[in-house]
Number of protein chains: 2
Amino acid sequence: MTLSEQIMADLAGEIASGAWPPGHRIPFEHELMVRYGCARATVGKAVNALAERGLLERRRKAGTFVAAPRIASAVLQIPDIRAEVEARGLSWRWRRLGLGMRRPDPKGRAASLGVNGPLLEVRGVHVAGGAPFAHETRLINLAEAPTAADESFTTEAPGAWLLAHAPWSEARHEISAANPDLDIAEALRVPTRHACLVLERWTWRAGAGITYARQVFPGENFTLAASFAP
Amino acid sequence: MTLSEQIMADLAGEIASGAWPPGHRIPFEHELMVRYGCARATVGKAVNALAERGLLERRRKAGTFVAAPRIASAVLQIPDIRAEVEARGLSWRWRRLGLGMRRPDPKGRAASLGVNGPLLEVRGVHVAGGAPFAHETRLINLAEAPTAADESFTTEAPGAWLLAHAPWSEARHEISAANPDLDIAEALRVPTRHACLVLERWTWRAGAGITYARQVFPGENFTLAASFAP
DNA sequence: TAGTGGTCTAGACCACAGC
DNA sequence: CTGTGGTCTAGACCACTAG
């Protein structure tokens with residue numbers, strides 16, 4: 001435990017315990033540096049780290065204050081389906097259902113990728129312990145990942161292949177609930193009235209769209225977790 | 001734009017453009033400090049900030065490397081239902097459906113709050129432009145928020161009241177999909193076969209459970225967004 | 001063992017918001 | 001104005017680890 005980590009932990013402790021309620025002005029940097037017998041940069045590192053986490057608010061000339069808790073954002077755990085399945089002690093495999101070329105649909109969900117050229121479409125099911133776990137529809141921009149056209153994706157899921165062959169630098173996710181279409185419901189072996197969690201993902205590299213994925217989980221199969229621990 | 005921000009932007013640009021692919025070793029701190037004519041602490045600040053974001057990976061003696069993109073986590077926007085509704089130009093109001101006391105159920109969803117004492121239960125509907133938007137079930141730990149017992153929550157939603165009267169310091173969220181129970185389906189005026197997005201939230205302060213909330217959105221009403229922009 | 005990042009020091013100057 | 005935080009400097013020593 002370094003000194004700045006110790007200072008950070010001490011300050012966080014005062015806040016978590018309620019000794020310093022929201023709005024409370026914490027000691028000035030100069031006071032803390034006397035208290036800990038260290039340089040100003042060291043206390044500054046600790047205080048700034050807590051401010052970046054949203055636990056403190058810094059105002060010039062006024063001081064540093066305990067922030068009011070806000071429910072603005074949280075860190076969402078994005079699942080890797082294979083790892084998720086195997087972590088439960090189940091076998092995982094990918095079963096391809098379809099493969100084909102698509103022209104970009106300007107009204108479709110993948111339109112925001114901003115791709116005009118041809119897209120490779122892969123559809124399939126993630127199978128966990130012999131039972132369908134999730135359905136995936138995947139569109140791949142062949143301009144950015146041309147060798148994808150040589151892949152069959154019969155046993156390898158397109159996500160893992162893409163991560164190795166066309167790394168991305170920017171991603172967007174949307175989470176929603178929907179009743180599955182008939183073909184997806186059949187692939188998942190659930191009725192169409194069965195609530196499903198839908199996770200959509202768009203990824204880019206240097207502004208160019210790489211891939212769009214739509215993963216459909218039967219409601220009881222899967223829960224996304226997010227935490228906010230200031 | 002400070003110098004360390006400039007350095008950070010330059011490094012991020014090299015990565016986003018693909019000039020520095022994953023695995024590439026970026027210049028040593030000493031080289032960067034010569035290139036920018038600044039102190040090592042300044043380049044260190046920039047490089048460490050990118051490493052904290054997961055864009056770079058630092059290894060002693062070996063150097064600093066461009067990290068392979070991982071879909072491990074993303075920043076999730078947690079909705080404030082009232083703000084969400086009003087941002088769409090719709091009127092918002094809260095309609096309370098029920099109020100009562102509950103003993104903690106050791107098998108229930110709220111058990112992980114770790115509360116043994118009495119809980120206040122509030123149920124109600126968020127109404128957007130006259131139509132049901134979301135159903136909320138709320139449990140409040142009266143030991144931590146005793147004045148909640150004096151509130152009726154007929155027009156004020158419990159979430160806003162709690163934020164003002166019992167600030168929290170730690171939160172956990174779970175997102176899932178489910179078919180609504182009959183009473184919730186009736187309150188939302190959808191059939192029970194209608195897929196709904198379920199957002200659950202647990203909050204604590206100094207380790208003591210404050211509240212549990214379960215919000216149910218008809219599937220077409222609501223989408224959660226998460227972004228990952230290294 | 002040599003060289004990297006990790007951490008810290010003891011200053012400095014500045015912008016800016018309170019008083 | 002005053003004093004806070006924001007940023008930076010030019011060093012230092014240390015821990016770790018890759019070669």
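The chains referred to below are lettered A, B, ... by the order of the sequence lines, with proteins before strands, and numbering in each begins at 1.
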In whole Å, I'd like the distance from the [atom1] atom of [X] to the [atom2] atom of [N].
X: B:Phe65; N: D:dT17; atom1: CZ; atom2: P; answer: 14 Å
X: A:Leu50; N: D:dG5; atom1: CG; atom2: P; answer: 14 Å
X: B:Glu29; N: D:dT9; atom1: CD; atom2: P; answer: 13 Å
X: B:Met33; N: D:dA12; atom1: CE; atom2: C1'; answer: 12 Å
X: B:Leu3; N: D:dA10; atom1: CG; atom2: P; answer: 12 Å
X: B:Tyr36; N: D:dC8; atom1: OH; atom2: C1'; answer: 16 Å
X: A:Glu57; N: C:dA17; atom1: CD; atom2: C1'; answer: 14 Å
X: B:His30; N: C:dG3; atom1: NE2; atom2: P; answer: 12 Å

Pairwise 5' ranking along DNA chain C for B:Gly63 and A:Cys38, keeping only the more 5' one: B:Gly63
Polar side-chain contact A:Lys45-C:dT7 base: donor and acceptor under 3.5 Å: no
Parallel, tilted or perpendicular: rings of B:Tyr212 and B:Trp202 (30°, 60°): tilted
Does [X] have a side-chain nitrogen or oxygen under 4.0 Å from the phosphate oxygens OP1 or OP2 of [N]?
X: A:Arg40; N: C:dA10; answer: no
X: A:Arg58; N: D:dT4; answer: no
X: A:Thr64; N: D:dG5; answer: yes
X: A:Thr42; N: C:dT9; answer: yes

Touch class at under 4.0 angstrom, heavy-atom based, for A:Ala41 against every strand present: base
Sugar-phosphate, base or nothing in reach of A:Arg60, heavy atoms under 4.0 Å: base
Between A:Arg58 and A:Thr64: side-chain donor-acceptor atoms closer than 3.5 Å: yes
Flag for A:Glu52-A:Asn48: side-chain donor and acceptor within less than 3.5 Å: no
Salt bridge (charged side-chain N to carboxylate O under 4.0 Å, His left out) between A:Arg82 and A:Glu86, intermediate numbers included: CA-CA 6 Å; A:Arg82 177 174 189 169; A:Glu86 292 177 341; 3.2 Å; yes
Exceeds 12 heavy-atom contacts within 6.0 angstrom, atom NE2 of A:His24: yes
